[in-house]
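Accompanying notes for the structure given below.
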Amino acid sequence: MRNIVFSALMFCWVLVSCQTSEPEQQRPNILFIMTDDHTQQALHAYGHGLLDSTYFPNMDRLAKEGALFRNSFVTNSICAPSRAVLLTGKYSHINGKIDNVGGFDWDQQSYPKLLQANGYETALIGKIHLGGKPQGYNYSLTLPGQGNYYNPEFIKNGVEEVKFEGHCEALIPQFVIDWLDTDWDRTKPFAINYHTKAPHRNWMPEEKYLSLYEDVEFAFPSNFFDDYEGRGTAAREQEMEIVHDMYWGWDMKFEKNPFTGEKSRLPAPFGRMSEEEMAAWNAVYGPPNEAFLTERPDGEALAKFMYHRYLRDYLKVVKSVDDGIGKVLAYLEEQGLLDNTVVVYTSDQGFYLGEHGWYDKRFMYEQSLSTPLLVRYPKEIKAGTEVKQMVLNLDHAPTILDFAGVAIPQDMQGTSWRAVAAGKDVPWRDAIYYHYYEYPGPHNVKRHYGVRTDRYKLIHFYHDVDEWEMYDLQTDPDEMKSIYGDPAYSEVQAMLHQKLVDLRQQYGDSDELTQQYIPQ
Ligand code: SGN
Ligand code: CA
């Protein structure tokens with residue numbers, strides 16, 4: 001009899017334990033790596049070949065061992081709004097953070113809050129750029145605003161400012177490891193937002209990489225000397241040209257403007273450096289700056305100098321980011337945690353590296369609309385997967401909840417890409433919706449919204465203009481000539497207008513809401 005009772009009890013226990021969720025160690029950890037302004041053109045894995053693959057082995061490793069998303073886009077190509085979309089899974093016009101200026105409402109629903117409520121331990125380390133006190137995290141150590149490259153301050157748990165010595169791209173990965181090592185409650189899965197500052201302007205390299213790439217020559221992109229014909233006024237009126245809009249101190253690292261002798265609008269960024277750091281810096285930048293002052297290049301030679309100073313410094317800080325990722329991956333591997341961690345690598349938006357003569361982002365043109373997306377999770381994602389479906393930063397919040405086994409709230413507007421990353425053939429969107437607002441503002445990029453399909457793009461610039469542009473990405477991948485109004489494309493144009501109407505309706509955007517976001 002006792003045996004029968006025991007067996008019955010055992011049977012019930014087995015039944016109950018099968019019905020509860022998977023054992024805790026089976027829920028994956030989430031390591032979400034977000035860089036600032038890193039663009040696909042600077043990633044060897046995307047095949048652009050700016051540099052040999054050996055330069056960024058850790059980013060390449062993620063692509064080789066996981067999935068590379070060929071068509072990964074943002075909904076509003078600027079920092080703080082992009083991060084608000086990431087956290088909320090909602091468009092800017094819904095989460096309220098339309099530009100870098102206004103506040104972010106941390107009281108609203110976000111995926112870290114949902115993870116935390118469902119047994120995850122969460123941490124936010126690095127740049128978030130949303131002001132206020134982060135919510136949804138057991139621990140946060142964030143850069144104030146844009147933060148600094150050298151000897152930066154960080155804010156602990158949204159209140160206490162602490163100054164650190166060193167370069168921020170060496171500090172941030174170390175903070176991630178320190179949190180895992182000492183603070184993380186190992187009975188729970190973790191979810192970390194590991195957000196770098198680099199390669200955001202003004203690209204101040206770590207001391208050990210100051211001279212890296214100084215001897216590497218890069219070709220100009222084919223449209224570097226764009227004359228902005230064939231499009232509306234927006235491309236012509238921007239203020240983001242390498243040659244005309246970079247600051248001699250801040251960006252080009254000169255003491256003052258070599259032509260006028262004036263101090264640049266933003267000073268050379270040396271105030272935060274120690275004497276030794278300054279000496280190492282001068283040993284590298286001093287000689288070419290001297291040569292420049294003697295030669296005083298102009299025309300194409302001037303453009304070549306500025307383009308190289310920009311690109312080399314940009315890639316030097318990407319190198320530090322790659323090192324940091326390598327350190328964190330090595331730590332996870334050593335601890336036996338890596339294969340049970342969904343590692344996502346992305347950036348808050350793309351960036352121009354001389355295409356159209358530009359730096360910065362904001363436009364719905366390809367280089368800033370796109371952003372890298374690499375994902376490693378060998379339990380589900382085959383090594384070397386290439387995803388063609390169009391995904392958005394809007395999709396990350398639902399995807400992470402999906403991986404974590406947490407219900408995705410109905411009001412999140414994105415779609416989980418978990419199945420497409422695993423190579424499954426699931427129904428997917430055939431167009432994406434975009435809306436940029438920060439105008440008037442830095443770099444003078446007019447307000448616009450639009451739609452992109454796999455082949456075509458329709459953009460409406462509004463506010464102080466009312467102009468439409470349309471591109472055929474197959475015949476004009478560099479977006480040099482708008483075909484809006486071209487009778488040969490009238491059917492395509494009608495199709496894109498209809499998609500735009502449908503998507504605006506689907507996501508709850510409207511002319512009325514658009515007007516409300518224009519300051520009176
Ligand atoms: C700063 C930069 C701009 C950049 C914005 C937004 N100027 O204002 O070039 O577009 O940040 O960048 S700087 O002279 O201060 O470097 S974002 O990534 O935060 O959106
Ligand atoms: Ca950014």
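In this text, all values refer to a predicted model and were calculated from it rather than measured experimentally. Whatever order the structure lists ligands and atoms in, that order sets their numbers, starting from 1.
Using modelled atom types, one finds no donor on one side chain facing an acceptor on the other under 3.5 Å when comparing Asp37 with Tyr359. There is a side-chain donor-acceptor pair under 3.5 Å between Tyr111 and Asn193. At a cut-off of 3.5 Å, with distance as the only test, no side-chain donor of Gln238 or Asp360 sits close to an acceptor on the other residue.
Excluding waters, the protein N/O/S atoms found under 3.0 Å from the Ca ion (ligand 2) are Asp36 OD1, Asp37 OD1, Asp348 OD1, Asp348 OD2, Gln349 OE1.
A side chain to side chain donor-acceptor pair (under 3.5 Å) with Asn289 is found for one member of Glu255, Lys253, Arg309 and no other, namely Arg309.
Of the candidates Gln349, Glu239, Lys197, Gln146, Gln146 brings a heavy atom nearest to atom 1 (C) of ligand 1. With distances taken over non-hydrogen atoms, the option nearest atom 5 (C) of ligand 1 out of Glu438, Arg362, His443 is Arg362.
The number of heavy atoms from other shown groups lying within 6.0 Å of CD (Glu300) does not exceed 12.
Looking at His200 next to ligand 1, an N or O pair under 3.5 Å apart turns up. On a distance-only criterion, Cys79 and ligand 1 share at least one N/O pair closer than 3.5 Å. Polar contact check, Trp250 against ligand 1: a nitrogen or oxygen pair lies under 3.5 Å apart.
At a 4.0 Å cut-off, at least one heavy atom of Lys361 sits close enough to ligand 1 to count as contact.
Within the structure, every pair that satisfies the salt bridge (charged side-chain N to carboxylate O under 4.0 Å, His left out) test and touches residues 346-357, not counting sequence neighbours, is listed here: Arg83-Asp348.
With a 4.0 Å heavy-atom cut-off, ligand 1 is reached by the side chain of Asn100 but not by its N, CA, C or O. Proximity of Lys127 to ligand 1, defined as any heavy-atom pair under 4.0 Å, is confined to the side chain (atoms from C-beta onward).
A ring-centre distance under 6.0 Å is found for Tyr462 and Tyr449. Outside the 6.0 Å centre-distance limit, the rings of Tyr434 and Phe73 are not counted as a close aromatic pair.
Within the cation-pi definition used here (under 6.0 Å to the ring centroid, within 45° of the axis), Arg201 qualifies as a partner of Tyr247.
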